[in-house]
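Below you'll find the structure, written out as structure tokens, and then a few comments.
Convention: sequence-line order gives letters A, B, ...; per-chain numbering from 1.
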There are 2 protein chains.
Amino acid sequence: MSREVTPIVQQLRARGMRVTAARSAVLEWLADYPHATVEQVHEGVSQRIGSLSKQAVYDVLNAFIDADLVQQIKPAGHPARFERRTGDNHHHLVCRSCGRIEDVDCSIGAKPCLTPNHDHGFDIDEAEVMYWGVCKACQTAPVTSDDDH
Amino acid sequence: MSREVTPIVQQLRARGMRVTAARSAVLEWLADYPHATVEQVHEGVSQRIGSLSKQAVYDVLNAFIDADLVQQIKPAGHPARFERRTGDNHHHLVCRSCGRIEDVDCSIGAKPCLTPNHDHGFDIDEAEVMYWGVCKACQTAPVTSDDDH
DNA sequence: GTCGTTAACTTGACTCATTCAAGTTAATCG
DNA sequence: CGATTAACTTGAATGAGTCAAGTTAACGAC
């Protein structure tokens, strides 16, 4: 087994973070499955590396969020989702029925990509746009619940 | 005490909803305090009408949401908030530190006020815009938590 | 290589907002 | 002035996430 240094290892080292099986596996998993829930990351990664506590998944994801390697999406009424695409202020399209999420590029530009006509004295740093609708599958299918992706 | 029919009573009757002290008081309260949480509505209304279970607050608010008399806002990481302004697709400005919310008129127009450049086959019915920042009070004040309004 | 430090992980209890369920009360219609 | 049933009360249950104490293992120093 050659001991090559993968880009993931580099990304972690560059931020002074220890490299562990859990962390590498979570980053890899998110590359394959963007918009995954904690539940999904936990299942997938546990299988890949044998086992991992759910708490560890929370820890790893939070560490990544702090390190700007991962971004969190919290659609109202659905568990949080995680993705590796950070810093480009793109938006999301959420299915009301199954929770499925798709990326939507920001049509305007850099962040904050929209400026409110009245800032009420706030120091605004983000304009979060969430499109809500019903995905193709749920438009035709009978009644599905939060399984998705 | 004259028994005049208030607009609130009319609004309820018009929708075939029974008129109760709880319902009238919640609608009144929300007129005075837009963006209130369940907690706040519960405290305020309990005082006004003597007492009311928290569950009733949930029931009343949900009935109003179904009847389109009230709208719900769910900022990530904060409890839900309720307001009487419905149907005009205006947006919200949320303070990251105290959760305070301000209304922001939609600068574009009717709902959905923004159209994504790619609908991914979804049947989109809403573009929810949430501006995030730090309110004036929290910019200067030391560390506050979810008290607000 | 091995040792020590401490970040990362495990386990399990706990919180908070919200929902579910069963029983009681009271608004409205006849 | 009842009867019907929507609205309310009480209390248990849920789901997502956090907190806290103890154990393990990365990795820098020797």
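Ion pair Arg100(B)/Glu102(B) flagged as a salt bridge, since at least one NZ, NE, NH1 or NH2 atom sits closer than 4.0 Å to an Asp/Glu carboxylate oxygen. A salt bridge links Arg48(A) with Asp32(A); the closest basic N to acidic carboxylate O contact falls under 4.0 Å. With respect to the salt-bridge test (charged N to carboxylate O, under 4.0 angstrom), the residues Arg85(B) and Asp105(B) qualify.
A straight line from NZ of Lys54(A) to P of dA20(D) spans 21 Å, rounded to a whole angstrom. Between the NE2 atom of His42(A) and the C1' atom of dG15(D) there is a distance of 16 Å, rounded to whole Å. Rounded to an integer number of Å, the gap from CG of Asp59(A) to P of dG17(D) is 14 Å. Summarising the geometry, the separation between CZ on Arg23(A) and P on dT24(D) is reported as 19 Å, rounded to the nearest angstrom. Residue Lys74(A) contributes atom NZ, which lies 18 Å from atom P of dG15(D) at whole-angstrom precision. Going from atom CZ of Arg15(A) over to atom C1' of dA8(C) covers 18 Å, rounded to whole Å. Whole-Å rounding puts the Gln40(A) CD to dG15(D) P distance at 16 Å.
With dA8(C), dA7(D), dT18(C) as the candidates, the nucleotide lying closest to the side chain of Thr20(B) is dA7(D). Comparing dC20(C), dA20(D), dA8(C) by their closest approach to the side chain of Gln55(B) singles out dC20(C). Distance from the side chain of Leu52(A) is smallest to dC9(C) among dC9(C), dA7(D), dC8(D). Nearest nucleotide to the side chain of Arg18(A), out of dT5(C), dT11(C), dT9(D): dT5(C). Ranking dC8(D), dT18(D), dT19(C) by closeness to the Tyr58(A) side chain, first place goes to dT18(D). Residue Val60(B) has its side chain nearest to dC8(D) when only dC8(D), dT19(C), dT10(C) are considered.
Residue-level contact check: Ala63(B) touches neither bases nor backbone, having no heavy atom under 4.0 Å from any strand.
Ring pair His120(A)/His118(A) is tilted by interplanar angle, where 30° to 60° counts as tilted.
Contact of Glu39(B) with dC16(C) (side chain to base): no donor-acceptor pair of N or O atoms is detected under 3.5 Å.
When side chains are defined from C-beta on, Leu12(A) counts as touching Leu69(A), because their heavy atoms get closer than 4.5 Å.
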